[in-house]
Engineer: 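There's a structure below that I have some questions on.
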Amino acid sequence: MRPRPFAVLRSLAVLLIALAAAPPAAAAPGGAPSSTAAPTAIRGGNVLHSAAGRCTVGFNATKAGTYYALLAGRCVGGAKDWYADAARTVHVGVTEAVRFPGTDYAVIRYTNPAVSYPGEIDIGGSHLDVTGAAQPAVGQTVCLPGSTPAVHCGPVRALNVSVSHPEGTVTGLVQAAACAEPGAVGRPAVSGRTAIGILIGGSGSCASGGTAYLQPVLPALRAFGLTLH
(Lines give C-alpha, C1' and ligand atoms only; values in the text may rest on other atoms or scores of the structure.)
Protein backbone atom coordinates (compact mmCIF):
# COMPACT_ATOMS: atom_id res chain seq x y z
CA MET A 1 0.00 0.00 0.00
CA ARG A 2 1.48 3.34 -1.03
CA PRO A 3 1.08 6.44 1.17
CA ARG A 4 -1.52 8.98 0.25
CA PRO A 5 -0.53 12.46 -0.93
CA PHE A 6 0.55 15.24 1.40
CA ALA A 7 -2.01 17.07 3.51
CA VAL A 8 -4.33 14.20 4.20
CA LEU A 9 -5.30 16.15 7.31
CA ARG A 10 -6.22 19.72 6.42
CA SER A 11 -6.57 20.81 10.00
CA LEU A 12 -7.01 19.57 13.53
CA ALA A 13 -10.66 20.51 13.31
CA VAL A 14 -11.20 18.19 10.36
CA LEU A 15 -9.65 15.29 12.25
CA LEU A 16 -11.76 15.87 15.33
CA ILE A 17 -14.90 15.99 13.20
CA ALA A 18 -13.87 12.68 11.67
CA LEU A 19 -13.39 11.25 15.15
CA ALA A 20 -16.87 12.22 16.21
CA ALA A 21 -18.33 10.59 13.09
CA ALA A 22 -16.19 7.44 13.22
CA PRO A 23 -18.28 4.26 12.93
CA PRO A 24 -18.31 1.72 15.76
CA ALA A 25 -15.84 -1.16 15.66
CA ALA A 26 -16.81 -4.04 13.41
CA ALA A 27 -17.57 -7.43 14.86
CA ALA A 28 -14.48 -9.30 15.92
CA PRO A 29 -13.19 -12.03 13.58
CA GLY A 30 -13.22 -15.65 14.58
CA GLY A 31 -16.30 -15.27 16.79
CA ALA A 32 -14.49 -13.13 19.38
CA PRO A 33 -16.72 -10.77 21.42
CA SER A 34 -17.56 -7.34 20.07
CA SER A 35 -16.69 -4.15 21.93
CA THR A 36 -20.32 -3.83 23.06
CA ALA A 37 -20.44 -7.36 24.46
CA ALA A 38 -17.14 -7.27 26.32
CA PRO A 39 -16.69 -5.69 29.76
CA THR A 40 -13.42 -4.12 28.68
CA ALA A 41 -11.98 -2.89 25.38
CA ILE A 42 -8.32 -2.21 24.59
CA ARG A 43 -7.53 0.16 21.71
CA GLY A 44 -4.42 1.73 20.30
CA GLY A 45 -3.28 4.43 22.70
CA ASN A 46 -4.46 2.51 25.79
CA VAL A 47 -2.03 1.32 28.45
CA LEU A 48 -1.17 -2.27 29.38
CA HIS A 49 0.54 -3.20 32.64
CA SER A 50 3.16 -5.79 33.55
CA ALA A 51 5.20 -6.60 36.64
CA ALA A 52 7.97 -4.46 35.14
CA GLY A 53 5.87 -1.38 34.38
CA ARG A 54 3.43 -0.06 31.79
CA CYS A 55 3.47 0.25 28.02
CA THR A 56 1.14 1.92 25.53
CA VAL A 57 -0.50 -0.06 22.74
CA GLY A 58 0.33 1.35 19.32
CA PHE A 59 -2.14 -0.57 17.14
CA ASN A 60 -4.26 -3.69 17.34
CA ALA A 61 -3.90 -6.29 14.60
CA THR A 62 -5.12 -9.77 13.73
CA LYS A 63 -3.83 -13.00 12.25
CA ALA A 64 -5.95 -16.09 11.61
CA GLY A 65 -8.64 -14.89 14.01
CA THR A 66 -6.21 -14.11 16.85
CA TYR A 67 -5.68 -10.58 18.15
CA TYR A 68 -2.30 -8.94 18.67
CA ALA A 69 -0.95 -5.59 19.85
CA LEU A 70 1.99 -3.70 18.37
CA LEU A 71 4.03 -1.76 20.93
CA ALA A 72 7.44 -0.14 21.31
CA GLY A 73 9.98 -2.92 21.83
CA ARG A 74 12.20 -1.01 24.22
CA CYS A 75 9.26 -0.49 26.55
CA VAL A 76 8.18 -4.13 26.56
CA GLY A 77 11.70 -5.41 27.26
CA GLY A 78 11.62 -8.76 29.03
CA ALA A 79 8.06 -8.53 30.37
CA LYS A 80 5.91 -11.59 29.64
CA ASP A 81 2.39 -11.18 31.06
CA TRP A 82 0.15 -8.17 30.44
CA TYR A 83 -2.89 -6.82 32.23
CA ALA A 84 -5.61 -4.29 31.50
CA ASP A 85 -5.37 -2.71 34.96
CA ALA A 86 -2.59 -1.38 37.16
CA ALA A 87 -3.51 -3.83 39.92
CA ARG A 88 -2.83 -6.64 37.46
CA THR A 89 -6.09 -8.48 38.03
CA VAL A 90 -7.33 -8.65 34.40
CA HIS A 91 -4.82 -10.67 32.40
CA VAL A 92 -5.10 -9.91 28.68
CA GLY A 93 -2.03 -11.23 26.89
CA VAL A 94 1.53 -12.49 26.64
CA THR A 95 4.58 -11.19 24.83
CA GLU A 96 5.04 -12.94 21.51
CA ALA A 97 8.22 -11.19 20.31
CA VAL A 98 10.45 -8.19 20.98
CA ARG A 99 12.64 -6.60 18.30
CA PHE A 100 15.03 -4.16 19.94
CA PRO A 101 17.63 -2.83 19.17
CA GLY A 102 17.97 -2.76 15.39
CA THR A 103 14.26 -2.07 15.17
CA ASP A 104 11.96 -1.02 18.02
CA TYR A 105 8.69 -2.90 18.21
CA ALA A 106 7.09 -5.75 20.11
CA VAL A 107 4.12 -8.04 19.51
CA ILE A 108 1.76 -9.09 22.29
CA ARG A 109 -0.74 -11.86 21.70
CA TYR A 110 -4.08 -11.20 23.36
CA THR A 111 -5.46 -14.20 25.24
CA ASN A 112 -8.54 -12.98 27.12
CA PRO A 113 -11.77 -13.60 25.15
CA ALA A 114 -13.78 -11.47 27.60
CA VAL A 115 -11.98 -8.35 26.37
CA SER A 116 -12.46 -6.80 22.93
CA TYR A 117 -9.67 -5.38 20.78
CA PRO A 118 -11.15 -2.93 18.23
CA GLY A 119 -9.12 -1.68 15.29
CA GLU A 120 -9.32 1.85 16.65
CA ILE A 121 -7.11 4.32 18.49
CA ASP A 122 -8.23 6.22 21.56
CA ILE A 123 -7.88 10.01 21.48
CA GLY A 124 -8.95 11.44 24.79
CA GLY A 125 -12.08 9.29 24.89
CA SER A 126 -12.92 9.60 21.18
CA HIS A 127 -12.21 6.69 18.86
CA LEU A 128 -10.65 6.83 15.40
CA ASP A 129 -11.07 3.75 13.23
CA VAL A 130 -7.77 2.87 11.53
CA THR A 131 -8.40 1.46 8.06
CA GLY A 132 -4.92 0.55 6.82
CA ALA A 133 -1.17 1.04 7.08
CA ALA A 134 1.40 2.72 4.82
CA GLN A 135 5.02 3.76 4.65
CA PRO A 136 5.12 7.59 4.83
CA ALA A 137 6.73 9.96 2.36
CA VAL A 138 8.82 13.04 3.12
CA GLY A 139 6.46 16.01 3.43
CA GLN A 140 3.44 13.92 4.38
CA THR A 141 1.56 15.10 7.46
CA VAL A 142 1.44 12.71 10.41
CA CYS A 143 -0.39 13.20 13.69
CA LEU A 144 0.34 12.01 17.22
CA PRO A 145 -2.91 11.68 19.16
CA GLY A 146 -2.46 12.10 22.90
CA SER A 147 -4.28 10.97 26.03
CA THR A 148 -6.31 14.19 25.78
CA PRO A 149 -8.31 15.45 22.77
CA ALA A 150 -5.18 17.37 21.69
CA VAL A 151 -3.63 16.07 18.46
CA HIS A 152 -0.14 17.19 17.45
CA CYS A 153 0.62 17.09 13.72
CA GLY A 154 3.58 17.88 11.50
CA PRO A 155 5.31 16.90 8.26
CA VAL A 156 7.68 13.97 7.82
CA ARG A 157 11.21 15.39 7.60
CA ALA A 158 13.30 12.30 6.89
CA LEU A 159 13.16 8.53 6.41
CA ASN A 160 15.63 5.79 7.37
CA VAL A 161 16.87 7.76 10.38
CA SER A 162 18.99 6.10 13.09
CA VAL A 163 18.79 6.68 16.84
CA SER A 164 21.33 5.39 19.35
CA HIS A 165 20.43 3.88 22.73
CA PRO A 166 22.68 2.35 25.40
CA GLU A 167 21.46 -1.07 24.22
CA GLY A 168 22.30 -0.36 20.58
CA THR A 169 21.19 1.56 17.49
CA VAL A 170 17.73 1.55 15.97
CA THR A 171 17.61 2.15 12.22
CA GLY A 172 14.95 2.75 9.59
CA LEU A 173 13.02 5.30 11.65
CA VAL A 174 10.76 8.12 10.49
CA GLN A 175 11.56 11.64 11.68
CA ALA A 176 8.62 14.05 11.85
CA ALA A 177 8.29 17.69 12.92
CA ALA A 178 5.62 16.97 15.53
CA CYS A 179 5.81 17.27 19.29
CA ALA A 180 5.15 14.36 21.62
CA GLU A 181 3.48 14.73 24.99
CA PRO A 182 5.42 13.57 28.07
CA GLY A 183 4.98 9.83 28.55
CA ALA A 184 3.70 9.39 25.00
CA VAL A 185 6.25 6.77 23.89
CA GLY A 186 4.45 3.88 22.23
CA ARG A 187 1.45 5.89 21.09
CA PRO A 188 0.22 5.51 17.50
CA ALA A 189 1.09 7.91 14.68
CA VAL A 190 -1.44 8.26 11.88
CA SER A 191 -2.08 10.11 8.64
CA GLY A 192 -5.83 10.44 8.40
CA ARG A 193 -7.08 6.94 9.19
CA THR A 194 -3.86 5.29 8.00
CA ALA A 195 -1.38 3.83 10.48
CA ILE A 196 2.14 5.19 9.96
CA GLY A 197 4.22 4.28 12.98
CA ILE A 198 4.71 3.95 16.71
CA LEU A 199 6.31 6.80 18.66
CA ILE A 200 9.60 5.66 20.18
CA GLY A 201 11.06 9.02 21.21
CA GLY A 202 11.32 12.72 20.54
CA SER A 203 12.76 16.06 21.54
CA GLY A 204 11.57 19.63 22.03
CA SER A 205 8.25 20.67 23.51
CA CYS A 206 4.70 21.26 22.36
CA ALA A 207 5.09 24.92 23.31
CA SER A 208 8.02 25.54 20.98
CA GLY A 209 7.77 22.68 18.49
CA GLY A 210 9.44 19.31 18.55
CA THR A 211 10.77 16.29 16.71
CA ALA A 212 9.27 12.83 16.85
CA TYR A 213 10.89 9.53 15.91
CA LEU A 214 8.61 6.76 14.72
CA GLN A 215 9.08 3.05 14.23
CA PRO A 216 7.28 2.36 10.91
CA VAL A 217 4.37 0.00 11.39
CA LEU A 218 4.56 -1.82 8.04
CA PRO A 219 7.80 -3.77 8.77
CA ALA A 220 6.33 -5.13 11.99
CA LEU A 221 3.09 -6.17 10.32
CA ARG A 222 4.92 -7.88 7.48
CA ALA A 223 7.40 -9.65 9.76
CA PHE A 224 4.60 -11.40 11.65
CA GLY A 225 1.96 -11.62 8.95
CA LEU A 226 -0.40 -9.30 10.83
CA THR A 227 -3.22 -7.19 9.45
CA LEU A 228 -4.76 -4.07 10.93
CA HIS A 229 -8.52 -4.40 11.24
Side-chain angles (χ1 to χ4, degrees), residues 1 8-9 15-16 18-20 22-26 28-29 32 34-35 38 40-50 54-63 66-76 82-85 92-93 95-96 104-110 112 115-134 136 142-153 174 176 178 180-181 183-202 212-221 224 226-229:
M1 182 184 299
V8 174
L9 300 178
L15 176 60
L16 295 179
L19 291 176
S34 69
S35 60
T40 305
I42 296 174
R43 296 174 170 85
N46 292 162
V47 173
L48 297 181
H49 303 265
S50 74
R54 48 182 281 165
C55 290
T56 300
V57 175
F59 298 95
N60 285 336
T62 62
K63 179 181 179 181
T66 300
Y67 287 91
Y68 297 84
L70 290 178
L71 302 89
R74 189 177 184 219
C75 181
V76 170
W82 295 91
Y83 301 81
D85 59 322
V92 293
T95 301
E96 188 92 343
D104 194 346
Y105 62 84
V107 176
I108 289 175
R109 175 170 50 86
Y110 290 122
N112 189 340
V115 178
S116 67
Y117 313 101
E120 304 169 335
I121 59 176
D122 192 315
I123 307 176
S126 296
H127 304 147
L128 176 67
D129 187 31
V130 177
T131 58
V142 296
C143 290
L144 303 172
S147 56
T148 68
V151 178
H152 306 292
C153 303
V174 177
E181 297 175 350
V185 168
R187 293 194 66 85
V190 296
S191 181
R193 296 181 182 273
T194 301
I196 296 299
I198 297 171
L199 180 69
I200 65 161
Y213 295 95
L214 312 174
Q215 164 64 53
V217 71
L218 274 184
L221 294 174
F224 291 92
L226 301 177
T227 302
L228 298 183
H229 68 97

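Atom set for the values below is all heavy atoms of this structure, side chains included, hydrogens, waters and symmetry mates excluded. Computed from a predicted model, the values in this text were never measured in an experiment.
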Engineer: Evaluate the side-chain proximity of I198 to V185: yes if any heavy-atom separation is below 4.5 Å, no if none is.
Structural biologist: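 Not in contact.
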Engineer: To the nearest 0.5 Å, what is the distance between CG (L226) and CG (L70)?
Structural biologist: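 Those atoms lie 6.0 Å apart.
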Engineer: Who are the ring-ring contact (aromatic ring centres under 6.0 Å, His included) partners of Y110, not counting sequence neighbours?
Structural biologist: Y117
Engineer: At what distance, to the nearest 0.5 angstrom, does CG of D85 lie from OH of Y83?
Structural biologist: 9.5 Å
Engineer: L228 and side-chain contact (heavy atoms from CB on, under 4.5 Å): which single residue from T131, V130, T62, T194 fits?
Structural biologist: V130
Engineer: Tell me, do N60 and Y67 make a side-chain contact under 4.5 Å, heavy atoms counted?
Structural biologist: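 Counting from C-beta outward, N60 and Y67 never come under 4.5 Å.
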Engineer: Return the minimal non-hydrogen interatomic distance between N46 and A41, and the atom names on each side.
Structural biologist: OD1-O, 3.9 Å
Engineer: Tell me, do Y68 and E96 make a side-chain contact under 4.5 Å, heavy atoms counted?
Structural biologist: yes
Engineer: Taking all non-hydrogen atoms of both residues into account, name the closest pair between A72 and I200 and its distance.
Structural biologist: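 It is CB-CG2, 4.5 Å.
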Engineer: When you look at V142 and V174, which way does the side chain to side chain contact (heavy atoms under 4.5 Å, CB included) test go after all the steps?
Structural biologist: CA-CA 10 Å; V142 296; V174 177; 5.9 Å; no
Engineer: Look up atom CG in D122 and atom CG in L128, then write down how far apart they are to the nearest 0.5 Å.
Structural biologist: 10.5 Å
Engineer: Side-chain contact, heavy-atom cut-off 4.5 Å: L199 with T56?
Structural biologist: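 A side-chain contact is absent here, since even the closest heavy-atom pair is not under 4.5 Å.
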Engineer: Using the side chain to side chain contact (heavy atoms under 4.5 Å, CB included) rule, take R193 and D129 through it: C-alpha gap first, then chi angles, then the decisive distance, then the call.
Structural biologist: CA-CA 7 Å; R193 296 181 182 273; D129 187 31; 3.8 Å; yes
Engineer: So do I121 and F59 actually touch side chain to side chain, heavy atoms under 4.5 Å?
Structural biologist: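 Heavy-atom side-chain distance check passes, below 4.5 Å.
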Engineer: Between A195 and V217, what is the shortest heavy-atom contact and its length?
Structural biologist: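 Here A195 and V217 meet closest at O-CG1, 3.7 Å.
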Engineer: Please examine the side chains of C55 and L71, heavy atoms only from C-beta on, and report whether any two atoms are closer than 4.5 Å.
Structural biologist: yes
Engineer: Could you pull out the closest heavy-atom pair between P145 and P188, with the gap in Å?
Structural biologist: CD-O, 3.4 Å
Engineer: Minimum heavy-atom separation for A69 to V57, with atom names?
Structural biologist: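 Closest pair (atom of A69, atom of V57, distance): CB-CG1, 4.0 Å.
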Engineer: Quick one: pull up CZ in R43 and OG in S116 and give me the separation to the nearest 0.5 Å.
Structural biologist: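 Atom-to-atom, R43:CZ and S116:OG are 6.5 Å apart.
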Engineer: Might you point out which heavy atoms bring Q215 and D104 nearest each other, and give the distance in Å?
Structural biologist: OE1-N, 3.0 Å
Engineer: Does any non-hydrogen side-chain atom of T227 lie less than 4.5 Å from one of K63?
Structural biologist: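 Side-chain contact under 4.5 Å: no.
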Engineer: Got V92 and I42 here, is their nearest side-chain heavy-atom distance under 4.5 Å?
Structural biologist: yes
